[in-house]
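The block underneath contains the structure these notes are about, expressed in structure tokens.
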There are 2 protein chains.
Amino acid sequence: MVVSNPPRAAAPPTAVMPERKRLTLKDLAAEIDVHYSTISRVMNPATRHLVAEDVAARILEVAEARGFRPNRIAAGLRTQRSGLVGVVLPDISNPVFPPILAGIESVLAQQGYVPIVVNAGTDKSRQRFVIDQMIGRQVEGLVLATAERDDPILAYCLKQHIPVVTVNRGDDTGRVSCVVSDNLLAMRQTVDHLVGLGHRRIGHIAGPATLSTGFLRREGFLQAVKRHRLRRGEWQVMEAASYSREAGRLACEQLFAAFPQVTAIAAGNDLVAMGCYDYLREHGMRCPEDVSVVGHNDMPFADALTPPLTTVRIAVHEMGEEAARLLLRKIDKPASDAVTVQLTPQLIVRGSTAAPRAAE
Amino acid sequence: MVVSNPPRAAAPPTAVMPERKRLTLKDLAAEIDVHYSTISRVMNPATRHLVAEDVAARILEVAEARGFRPNRIAAGLRTQRSGLVGVVLPDISNPVFPPILAGIESVLAQQGYVPIVVNAGTDKSRQRFVIDQMIGRQVEGLVLATAERDDPILAYCLKQHIPVVTVNRGDDTGRVSCVVSDNLLAMRQTVDHLVGLGHRRIGHIAGPATLSTGFLRREGFLQAVKRHRLRRGEWQVMEAASYSREAGRLACEQLFAAFPQVTAIAAGNDLVAMGCYDYLREHGMRCPEDVSVVGHNDMPFADALTPPLTTVRIAVHEMGEEAARLLLRKIDKPASDAVTVQLTPQLIVRGSTAAPRAAE
DNA sequence: CTGAAAGCGCTTACAG
DNA sequence: CTGAAAGCGCTTACAG
């Protein structure tokens, strides 16, 4: 690491630049000849009509010229509305989250809200700490992407009477609104596709059962396998310790140990699918010739993997938008019921799935 | 999209739950028998010693039991410190930014700051709007990942006397601190590698020259090519309209039109490199057998592309951390000079580069 | 060691 | 239509 201090640019003419304080209503009122409450009324479009047009025009002009921006924080203190919403992510480096975040932000912005985003990891006490911070900052509501099926954090938020919405992952108890993708349907699509190709030995590498996505996708897999009348010994489920590439590789190894005849794998998500790729490659098996793999999420660049990954596309951006809408509604009407919004996923068939070898 | 309203859970026993207002110092003071200013002193570790130990203990106990969390916003109004820092991103879905953001957040958190993140796109007037919003929210400083080489937005921030730091991209004028990767060195590493493999016809697909990364990587390419005494006709530069896969594909097409003999491409970044992959594949050329490709950034999953991408790894997380540190310093000492922190990149050789065909 | 008061920058009834 | 006042929830000199 190199640090370079460029030579000081020509110093300001006369010693210290006065640390220009931000303008306030009163400063402006002193310049124009009006009471500062009048300026306040003009700055807010909703109350502007209370002021005579010519006065308003003059005020606006000066405000613009002087670059006056009312202090939203002071306003928020007075009105009891911070305009802040907290977004709690388990891991922003997981490529599912950025588009969700973008969706959230886009609808919040329309309503004059701004998100405070934190990476809270998976540790519950850290999550709680982070949420306390946000509450201290007067967030009006919370979007949690960290929810578990029976999440103490959710109970905590509920106790605080703070509006909460869960995104991507749901909560089993139905206490809070959530927007999720239809995981049962997704797994049905996945298994239908695999069976349609001729596969009869199918493995599922599930995500953690503590997460609704892990639990529900496993359920969906089970239901689908039953629908196709696969028998015991024709399918197998292995749980990965987390939604990560490495955990996927490990679980894939265990799957092959328990079920060596497997010809197709429905992975809990795309990262897990990548772990499967890693395992297969290490063990000289080709995908899809020897083993087919299906992912979940259709993360960015899933199409650019080798082979391009067949996966389930979930409506990430829309998911974020919808979560923000739900939260805004809840903030507006705290008494409104919890709602579950379920988005329809779509199987994207690419190069990682093919018919099993003729040998079958 | 399916929306389901679960049947109302057993309604709360007696009609409306009183919208529990958040506790304040005064509420607490009423419960205990002290003045609220005393509680204030106890809640802040720095002033706690001013209060008698037994009183402090009792206050802490009640505060904890009642889940009291002081209103940071009100405190900020009083102390003129919001504890907020604005982070302006061009596009959070570009995989370089999440790790940078994570780095920023991690050091901010240590100091009790919290980031407000916005996706501001590339449009300058939108960026300005967004920054005005943030200033209105009293951010104490700004981290810009959107900087251009001579950026009016930067000038604007400077005029407002708001502490600013630029990350990933620098600004030519040296007016603000920035943390960047050493782009000249990176391109030297890239060209050395390619020449070392035996390539003598090398193309560079540059990022936009308005961005420091685009400009400097092009400079670095030029310098490197000169060092190796490649002659005119042995190298070529083509500029992509943006750092995107599609723009990369297009520029690659133009490169081949202008310079069909090219055997190796140094791409402006990994997305552009992916665009090159797309073009090559469409036109029946194999990478690296027919054409070698080098990326820049080592974004997540660059190793999982086909072929695994040889690319320059930049220290993204560290970049974010350092930017946050620089900003915090500037907030602390507004008079401190602008500093450029340059992180050392590292060429990661993978499967997308090889010796040119023997034919040479 | 603790209390009482002023004030951060706003909004918004309340008068006039 | 405009002004004067109170108050949002804190912090922090200033007394005592």
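Computed from a predicted model, the values in this text were never measured in an experiment. Letters go in sequence order (proteins before strands), and every chain restarts at 1.
For the pair B/Tyr36 OH and D/dT11 C1', the computed distance is 9 Å after rounding to whole Å. As rounded to whole Å, 9 Å separates atom C1' of C/dG9 from atom CZ of A/Phe68. In this structure, B/Arg48 atom CZ and D/dT11 atom P are separated by 13 Å, rounded to whole Å. In this structure, the CG atom of A/Leu77 is 12 Å from the P atom of C/dG9, given to the nearest Å. Atom CG of A/Leu25 is separated from atom P of D/dG7 by 20 Å (rounded to the nearest Å). If you take CG of B/Leu50 and P of C/dT2, they are 10 Å apart, rounded to a whole angstrom. The distance from atom CD1 of A/Ile59 to atom C1' of D/dT2 is 10 Å, rounded to the nearest whole Å. The nearest whole Å value for the distance from the CD1 atom in B/Ile39 to the C1' atom in D/dC10 is 12 Å.
Residue A/Thr24 is classed as a sugar-phosphate contact, given heavy-atom separations below 4.0 Å to backbone atoms only. Note on A/Thr79: only backbone sugar-phosphate atoms sit closer than 4.0 angstrom, heavy atoms only; bases stay farther off.
Phosphate proximity of C/dG3 to B/Thr38: present, with a side-chain N or O under 4.0 Å from OP1 or OP2. Using a 4.0 Å cut-off, no side-chain N or O of B/Ser40 falls inside it from OP1 or OP2 of D/dC10. Considering only side-chain N and O atoms, A/Gln80 lies nowhere under 4.0 angstrom from the phosphate OP1 or OP2 of D/dG7. Phosphate proximity of C/dA4 to B/His35: present, with a side-chain N or O under 4.0 Å from OP1 or OP2.
No side-chain heavy atom of B/Asn44 sits under 4.5 Å from any side-chain heavy atom of B/Arg48.
No hydrogens or angles considered: nothing links the side chains of B/Arg22 and A/Gln80 as a donor-acceptor pair under 3.5 Å.
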Inset, instruction - Please step through side-chain hydrogen bond (donor to acceptor under 3.5 Å, both in side chains) for the pair B/Arg175 and B/Thr173, ending with a clear verdict. - result: CA-CA 5 Å; B/Arg175 299 167 295 184; B/Thr173 66; 2.5 Å; yes
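Side-chain to base pairing of A/Arg41 with D/dG3: one donor and one acceptor N or O lie within less than 3.5 Å of each other.
Both B/His49 and B/Ala74 lie near DNA chain C, and the one whose nearest nucleotide falls closer to the 5' end is B/His49. The nearest heavy atom of DNA chain D to B/Gly76 and to A/Asp54 marks one nucleotide each, and the one closer to the 5' end goes with A/Asp54.
For A/Val51, counting side-chain heavy atoms from C-beta on, the closest listed nucleotide (D/dT2, D/dG9, D/dA6) is D/dT2. Distances from the side chain of A/Ser37 to the nucleotides D/dC10, C/dG9, D/dA5 place D/dA5 closest.
Salt-bridge annotation for B/Glu148 and B/Arg169: absent, with no side-chain N of the basic residue lying under 4.0 Å from a carboxylate O of the acidic one. The pair B/Arg137-B/Asp132 does not count as a salt bridge, with every side-chain nitrogen at least 4.0 angstrom from each carboxylate oxygen.
When both pairing distances are held under 3.5 Å, D/dT2 makes a Watson-Crick or G-U pair with C/dA15.
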